[in-house]
Amino acid sequence: PYKSYDNNFEAYKNARILINHCKPDLIKLEINRKKLSILKYLVSKNINLISHIGVTPQSYKNFNKIKILGKTNKEKKNLLYLAKACEKYGAVAILLECITSEAAKLITENISIPTIGIGASKYCDGQILVFDDLINLNTISKKPKFVKKYMNFNKIASNAVKKYNRDVKLKKFPSIKFTYN
């Protein structure tokens, strides 16, 4: 979680808490150049990590200000540096968020660990789409370009609530089938 890995001591303490309580196989950290030493330290303590680079949402207060990265040669070079450093320091995979397809392809071709994309093109080894986005749970109208709706949960949920409300008002629910006798 945000602000839970700002230094080696806090990062290790909080990672151990997560591991002990949740039993994850991996922990994901949003990585920039300043966080590389924390990644290296945690790996030295036998913690399996996925490095999250590109757009790192925890560093944003306003998601409308998120911009795709990897458009310039400087950004591509920085992303590739981070990916290679993460691999060197022991990350088991790299999560690439909101980066250009060219940058994603460059990184995937130049590291040996898997890349996972979220808004980072088909050039990643795997893909993520947050479940809330996949089912259109959030009703905000402006969604990132990479979000594809696979269903309209809000419409389905609204219809279910209307049917429930109607059944209650018509005394059809709860019927004998749904009542303890």
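Only this structure's heavy atoms are used, side chains among them; waters, hydrogens and symmetry mates stay out. These numbers were taken from a predicted model, which means no experiment stands behind them.
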| said: Assess the residue pair Ile116 and Asp125 against the criterion (side-chain contact (heavy atoms from CB on, under 4.5 Å)); give the C-alpha distance rounded to whole Å, side-chain angles, the decisive distance to 0.1 Å, and a yes or no. | reply: CA-CA 6 Å; Ile116 303 164; Asp125 298 309; over 6 Å; no
| message | Looking at Phe153, I want to see if its CZ is surrounded by more than 12 non-hydrogen atoms of other residues, nucleotides or ligands under 6.0 Å. | response |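 Incorrect, the count does not exceed 12.
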Side-chain heavy atoms of [X] within contact of [Y], under 4.5 Å:
{"X": "Leu18", "Y": "Ser4", "value": "no"}
{"X": "Ile128", "Y": "Leu95", "value": "yes"}
{"X": "Glu102", "Y": "Lys105", "value": "no"}
{"X": "Ile118", "Y": "Leu96", "value": "no"}

| said: Show, in sequence, the C-alpha distance, side-chain angles and deciding distance for Glu30 and Lys35, and conclude whether the salt bridge (Lys or Arg N to Asp or Glu O under 4.0 Å) test is met. | reply: CA-CA 8 Å; Glu30 293 187 358; Lys35 300 270 188 196; over 6 Å; no
| Counterpart residues, side chain to side chain donor-acceptor pair (under 3.5 Å), relative to Lys40 (two or more places apart) |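 Result, side chain to side chain donor-acceptor pair (under 3.5 Å) vs Lys40: none returned.
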| What's the verdict on salt bridge (Lys or Arg N to Asp or Glu O under 4.0 Å) for Lys149 and Asp133, showing C-alpha distance, side-chain angles and the deciding distance? | CA-CA 7 Å; Lys149 292 188 296 187; Asp133 292 333; over 6 Å; no
| Geometric class of the Tyr41/Tyr12 ring pair [parallel <30°, tilted 30-60°, perpendicular >60°] |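 Taking Tyr41 first and then Tyr12, their aromatic rings stand perpendicular (interplane angle over 60°).
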| Pairs flagged by side chain to side chain donor-acceptor pair (under 3.5 Å) wherever residues 87-97 is involved - sequence neighbours left out |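 For residues 87-97, and leaving out neighbouring residues, the side chain to side chain donor-acceptor pair (under 3.5 Å) pairs sorted by first residue read His52-Glu97, Glu87-Ser112.
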Which side-chain N or O atoms in residues 154-172 pair as donor and acceptor under 3.5 Å with protein atoms at least two apart or in another chain?
from: Asn154; atom 1: ND2; to: Asn136; atom 2: O; distance (Å): 3.0
from: Asn154; atom 1: ND2; to: Leu137; atom 2: O; distance (Å): 3.2
from: Asn159; atom 1: ND2; to: Lys155; atom 2: O; distance (Å): 3.4

